Trainee: 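Handing you this structure, nothing more for now.
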Amino acid sequence: TYTFNILIRGFCKNSMVDEGFRFYNQMVESKCDPDVVTYNTLMDGLCRVGKVKIAHNVMEGMNKKTRDVKPDVVTYTTLVRGYCMKQEIDEALAVFKEMVDRGLKPNDITYNTLIKGLCEAQKVDKIKEVFEGALGGGGFTPDTCTYNTLLNTHCNAGNLDEALIVFEKMMELKAQPDSATYSVLIRHLCKKEDFVRAEKFFDELFEQKILVNDDGCTPLVAAYSSIFEFLCKSGKTDKADRVFRQLMKRGTQDP
RNA sequence: CGGAGCUUAUUUUAUAC
């Protein structure tokens with residue numbers, strides 16, 4: 001079953017849900033029992049190509065099956081995200097509610113997913129509700145991911161000042177900013193040609209050794225791209241050179 | 001005999017064209 005699941009995931013991640021289902025059928029033929037993970041994976045695949053309704057049906061199917069496959073937190077989170085991606089926030093909220101009603105406890109990922117959707121739909125009041133613990137029975141603590149979402153939302157809306165406030169709040173609350181945090185900030189500061197502040201963050205980024213650390217936090221190429229662009233534009237070629245060397249020395253998976 | 005195991009869901013998608 002594991003093997004099939006892994007295989008199916010491979011196809012689903014590449015927008016080849018149909019192939020995924022082919023293996024699902026084969027799985028059944030070989031008397032391997034699909035489990036929650038199998039269904040969740042397929043559902044995610046469906047959502048990624050915009051077939052949220054079908055994904056929803058899959059979940060209904062899981063409900064009907066008397067076997068021990070039952071929708072879990074991941075199932076619901078996947079579906080919430082699916083609806084968010086289609087900008088159908090009301091559906092997303094409905095799914096979320098159904099989950100809570102059924103006694104399933106949303107986790108951080110569920111909340112973060114929902115918050116992202118609410119940001120895109122500009123449902124500010126709803127976001128507040130989530131933060132105040134009014135939705136889903138509380139127990140939600142915003143993490144780095146949550147703040148990154150808020151940060152990015154403000155940036156996209158052009159509210160850089162708001163974004164910086166979020167950043168400071170992160171510091172206050174000891175939510176470690178990660179490479180995504182900085183990469184977003186720097187990129188947007190560059191876009192605004194605010195090189196002074198961009199460089200400040202850039203230096204900070206290096207001091208904190210966020211990029212250098214190898215505990216699985218792989219700096220993304222995107223982060224470097226904007227950094228280089230910025231360094232070159234502002235004539236700090238020497239610095240760019242230094243950073244580049246460091247990058248090469250570490251070896252990267254990505255050119 | 002007992003135990004363990006990152007199979008699934010969340011934030012950033014850059015430059016150039």
Side-chain angles (χ1 to χ4, degrees), chain A residues 1-13 17 20 23-24 27 32-48 52 55 58-59 62 69 71-85 92 95-96 99 104 106-120 130 140 142-156 163 166-167 170 175-191 201 205 210-211 215-233 240 254-255:
Chain A
T1 305
Y2 270 44
T3 317
F4 272 109
N5 285 347
I6 294 170
L7 210 53
I8 290 175
R9 167 165 190 270
F11 286 111
C12 287
K13 278 274 183 237
V17 214
F23 277 99
Y24 168 76
M27 187 173 183
C32 272
D33 287 331
D35 59 5
V36 216
V37 175
T38 317
Y39 290 109
N40 288 346
T41 308
L42 285 168
M43 280 176 60
D44 184 50
L46 287 167
C47 288
R48 292 192 127 83
V52 192
V58 173
M59 188 175 86
M62 288 169 78
V69 275
D72 62 3
V73 206
V74 177
T75 317
Y76 278 103
T77 304
T78 304
L79 205 55
V80 167
R81 178 175 142 82
Y83 279 119
C84 286
M85 286 190 311
V95 172
F96 182 84
M99 168 167 114
L104 283 172
N107 60 19
D108 288 356
I109 298 185
T110 317
Y111 281 113
N112 286 338
T113 306
L114 190 65
I115 287 176
K116 167 110 191 291
L118 290 170
C119 282
E120 279 160 3
V130 177
F140 166 61
D143 60 5
T144 303
C145 244
T146 319
Y147 288 114
N148 286 346
T149 304
L150 296 178
L151 200 91
N152 187 45
T153 305
H154 284 132
C155 286
N156 284 337
V166 173
F167 185 82
M170 286 177 80
Q176 231 345 291
D178 63 2
S179 71
T181 317
Y182 283 101
S183 130
V184 173
L185 270 175
I186 293 176
R187 204 175 62 248
H188 280 90
L189 285 169
C190 286
K191 216 173 260 173
F201 282 116
L205 177 63
I210 290 177
L211 293 183
D215 24 303
C217 170
T218 318
L220 304 166
V221 210
Y224 277 106
S225 293
S226 44
I227 287 167
F228 281 129
E229 192 196 356
F230 146 65
L231 286 173
C232 292
K233 259 195 195 164
D254 260 319

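In this text, all values refer to a predicted model and were calculated from it rather than measured experimentally. Atom set for the values below is all heavy atoms of this structure, side chains included, hydrogens, waters and symmetry mates excluded.
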Trainee: Without decimals, in angstroms, what is the distance between A:Y182 OH and B:U12 P?
Mentor: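 Distance, rounded to whole Å: 18 Å.
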Trainee: Please name all residues satisfying ring-ring contact (aromatic ring centres under 6.0 Å, His included) with A:Y39, sequence neighbours left out, ordered by chain then number.
Mentor: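 So A:Y39 forms a ring-ring contact (aromatic ring centres under 6.0 Å, His included) with A:Y24.
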Trainee: Report the residues that fulfil side chain to side chain donor-acceptor pair (under 3.5 Å) with A:D44, sequence neighbours left out, ordered by chain and then residue number.
Mentor: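 In terms of side chain to side chain donor-acceptor pair (under 3.5 Å), with neighbours along the sequence ignored, A:D44 is linked to A:R48.
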Trainee: Can you give the dot-bracket line for RNA chain B, where a pair is Watson-Crick or G-U wobble with both atom distances under 3.5 Å, crossing pairs use [ ], and | marks a partner on another strand?
Mentor: .................
Trainee: In whole angstrom, what separates A:K116's NZ from B:U10's C1'?
Mentor: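 Spelled out: NZ on A:K116 to C1' on B:U10 is 9 Å.
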Trainee: Tell me, please, which residues at least two apart from A:Y147 pass ring-ring contact (aromatic ring centres under 6.0 Å, His included).
Mentor: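 Applying ring-ring contact (aromatic ring centres under 6.0 Å, His included) to A:Y147 gives none.
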Trainee: If you compare all heavy atoms of A:N148 against all heavy atoms of A:A180, which two are closest, and at what distance to 0.1 Å?
Mentor: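 Nearest heavy atoms, A:N148 then A:A180: ND2-CB, 3.8 Å.
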Trainee: Output yes when a side-chain donor or acceptor of A:T144 lies under 3.5 Å from a complementary backbone atom of A:Q176, and no otherwise.
Mentor: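 Side chain of A:T144 to backbone of A:Q176, a donor-acceptor pair under 3.5 Å: yes, one is there.
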Trainee: Does a side-chain heavy-atom distance below 4.5 Å link A:M27 with A:I8?
Mentor: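 A:M27 reaches A:I8 side chain to side chain.
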Trainee: Could you tell me the separation between the CG atom of A:N156 and the P atom of B:A14, rounded to a whole number of Å?
Mentor: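 The distance from CG of A:N156 to P of B:A14 comes to 11 Å, rounded to the nearest Å.
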Trainee: Residues in ring-ring contact (aromatic ring centres under 6.0 Å, His included) with A:F167, at least two apart?
Mentor: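 With sequence neighbours excluded, A:F167 shows a ring-ring contact (aromatic ring centres under 6.0 Å, His included) to A:Y182, A:F201, given in chain and number order.
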Trainee: Checking side-chain polar atoms at under 3.5 Å, does A:H188 have a donor or acceptor matched by the opposite partner on A:N152?
Mentor: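 Not at all, the side chains of A:H188 and A:N152 share no donor-acceptor pair under 3.5 Å.
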Trainee: Please list, pair by pair, any protein nitrogen or oxygen found under 3.5 Å from a nitrogen or oxygen in nucleotides 6-9 of chain B.
Mentor:
from, atom 1, to, atom 2, distance (Å)
B:U7, O2, A:N5, ND2, 2.5
B:U7, O4, A:Y2, OH, 3.3
B:U8, O2, A:N40, ND2, 2.8
B:A9, OP1, A:K13, NZ, 2.7
B:A9, N1, A:N107, ND2, 3.0

Trainee: Distance check needed: B:U10 P versus A:Y83 OH, whole Å only.
Mentor: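 Nearest whole value for this atom pair: 17 Å.
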Trainee: Whole angstroms only, please: what is the CG-C1' distance between A:N152 and B:U10?
Mentor: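 Those two atoms, CG and C1', are 14 Å apart.
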Trainee: Give the rounded distance in Å between these two atoms: CG of A:L189 and C1' of B:A14.
Mentor: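 It works out to 15 Å between those atoms.
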Trainee: Whole angstroms only, please: what is the NE2-P distance between A:H154 and B:U12?
Mentor: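 After rounding, the gap between these two atoms is 15 Å.
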Trainee: Can you name the closest pair of heavy atoms from A:I109 and A:T113 and give their distance?
Mentor: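 Looks like O-OG1, 2.7 Å.
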Trainee: Whole angstrom is fine here: how far is it from CG in A:L118 over to C1' in B:U11?
Mentor: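 That distance rounds to 14 Å.
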